[in-house]
A.B. asks: 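I am attaching a structure below and will ask some questions about it afterwards.
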2 protein chains.
Amino acid sequence: MYESITERLKKNNYRLTDQRMAVLQVMLENKGHHLSAEEVLVEARGKAPNIGIATVYRTLEKLAGISILHKTMFEAGKYRYELSDNHTHQHHHFICLNCGKITEIEEDLLYSLEQHIENQGYQIVNHELKLYGYCPDCQTLK
Amino acid sequence: MYESITERLKKNNYRLTDQRMAVLQVMLENKGHHLSAEEVLVEARGKAPNIGIATVYRTLEKLAGISILHKTMFEAGKYRYELSDNHTHQHHHFICLNCGKITEIEEDLLYSLEQHIENQGYQIVNHELKLYGYCPDCQTLK
DNA sequence: CTATCTGCAAATTCTTTGCAGGACT
DNA sequence: AGTCCTGCAAAGAATTTGCAGATAG
């Protein structure tokens with residue numbers, strides 16, 4: 001897994017610098033979590049102390065460009081990045097309006113909906129579904 | 001329709017200033033379109049010449065706050081606003097990767113998916129689905 | 001009259017870019 | 001060696017905020 005990622009970097013002529021490895025490690029250690037650039041910076045400094053925010057942004061952008069990461073905006077005006085899971089279709093996200101926790105929803109279940117829309121002449125190559133509500137832990141607090 | 005909107009503004013103690021009326025008219029004239037704050041500013045200046053961008057933002061924010069408008073981010077780092085249609089659930093959007101046109105998809109079709117997730121203890125109050133691909137007009141250009 | 005609203009400009013926040021030096025390969 | 005990469009600081013872009021004067025109710 002770790003091997004295949006560095007392979008993919010090499011294939012795209014991306015040099016394996018300490019800073020890039022640090023960012024990659026941070027993302028691997030946070031599999032399933034959605035980190036902002038600033039959060040990645042703080043953790044990456046533990047591995048590459050002098051790394052700057054510009055390099056973090058440049059690295060995240062490159063990794064997202066070759067689908068190693070996935071970039072989404074959950075809250076206003078700020079991107080978050082997560083390790084991509086290589087599935088054909090991107091999974092969905094449930095965002096709790098009370099505690100803010102983001103849960104991944106693995107089931108796709110959009111097939112029939114997309115079929116319906118493609119029958120109208122559209123070709124769908126990707127989708128992004130966000131569900132907002134209250135997670136099981138926050139049901140009682142409402 | 002127009003009546004009921006001003007009623008709702010009054011109910012929320014929002015003064016009916018020329019600037020607010022101008023923004024509201026622009027949004028009503030662009031029903032079904034998704035405008036950026038800057039685009040609203042340009043059109044609103046035709047009705048209230050001295051209106052500033054800050055007032056446009058403040059007004060759009062207020063109107064979205066009482067669900068008269070709906071605010072979504074389609075492209076990176078920039079919100080777009082559209083007149084809300086008062087349906088229970090928000091409609092979906094198809095974004096063409098070639099021409100950038102945004103098409104509304106009225107069918108909901110998420111019912112069974114949401115049912116499935118609510119069975120796992122979540123309560124869903126809203127959703128946002130964006131489909132990316134190529135619209136009928138752009139099929140040949142691919 | 002008085003609380004709310006407005007326009008302006010400055011401030012914020014997130015992200016990108018130019019540049020000169022540094023480091024993979 | 002040569003290209004790619006980095007950190008810094010400055011620039012950009014979208015949005016928000018402070019303030020003094022203006023205006024709706």
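Since the model is a prediction, treat every value here as computed from it, not as a measurement. Every heavy atom of this structure was used, including side-chain atoms; hydrogens, water molecules and symmetry mates were not.
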A.B. asks: Which residues satisfy the salt bridge (Lys or Arg N to Asp or Glu O under 4.0 Å) test with B:K78, sequence neighbours excluded?
C.D. replies: none
A.B. asks: Got a sec, which pairs hit salt bridge (charged side-chain N to carboxylate O under 4.0 Å, His left out) with one end in residues 122-135 of chain B, sequence neighbours left out?
C.D. replies: A:E128-B:K130, A:K130-B:E128, B:E128-B:K130
A.B. asks: Looking at A:Q19, does any N or O in its side chain come under 4.0 Å of the phosphate oxygens OP1/OP2 on C:dA23?
C.D. replies: no
A.B. asks: Tell me which residues in residues 47-58 of chain A put a heavy atom below 4.0 Å from DNA chain D, sorted by number, or none.
C.D. replies: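 Contacting residues: A:N50, A:I51, A:G52, A:A54, A:T55, A:R58.
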A.B. asks: Once salt bridge (charged side-chain N to carboxylate O under 4.0 Å, His left out) is applied, what residue pairs with a partner in residues 50-61 of chain B remain, sequence neighbours excluded?
C.D. replies: B:E61-B:K71
A.B. asks: Test: salt bridge (charged side-chain N to carboxylate O under 4.0 Å, His left out). Region: residues 36-48 of chain B. Which pairs qualify, not counting sequence neighbours?
C.D. replies: B:E29-B:K47, B:E39-B:R80
A.B. asks: Does the side chain of B:R20 get closer than 4.0 angstrom to OP1 or OP2 of C:dT6 through an N or O atom?
C.D. replies: yes
A.B. asks: Are A:S36 and C:dC14 close enough that a side-chain N or O sits under 4.0 Å from OP1 or OP2?
C.D. replies: no
A.B. asks: How long is the line joining CG of B:N13 and P of C:dA3, in whole Å?
C.D. replies: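 Distance, rounded to whole Å: 14 Å.
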A.B. asks: Please tell me which of A:Y79 and B:Y14 maps to the more 5' nucleotide of DNA chain C, matching each residue to the nucleotide holding its nearest heavy atom.
C.D. replies: B:Y14
A.B. asks: Whole angstrom is fine here: how far is it from CG in B:D18 over to P in C:dT6?
C.D. replies: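 After rounding, the reported distance stands at 9 Å.
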A.B. asks: Assess the side chains of A:H93 and A:E82: does a donor N or O sit below 3.5 Å from an acceptor N or O?
C.D. replies: yes
A.B. asks: For A:T59, is there any backbone N or O sitting under 3.5 Å from a side-chain donor or acceptor partner on A:R20?
C.D. replies: no
A.B. asks: Are a donor atom and an acceptor atom from the side chains of B:E104 and B:H92 found within less than 3.5 Å of each other?
C.D. replies: no
A.B. asks: Measure the distance from CG on A:L16 to C1' on C:dA23 and round it to the nearest whole Å.
C.D. replies: 13 Å
A.B. asks: Could you tell me the separation between the CE atom of A:M73 and the P atom of C:dC14, rounded to a whole number of Å?
C.D. replies: 10 Å
A.B. asks: Just wondering, do B:I117 and B:Y122 contact through their side chains at under 4.5 Å, heavy atoms?
C.D. replies: yes
A.B. asks: First and last nucleotide of DNA chain D touching chain A, 5' to 3', heavy-atom cut-off 4.0 Å?
C.D. replies: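 Nucleotide range in contact with chain A: D:dG2 to D:dC8.
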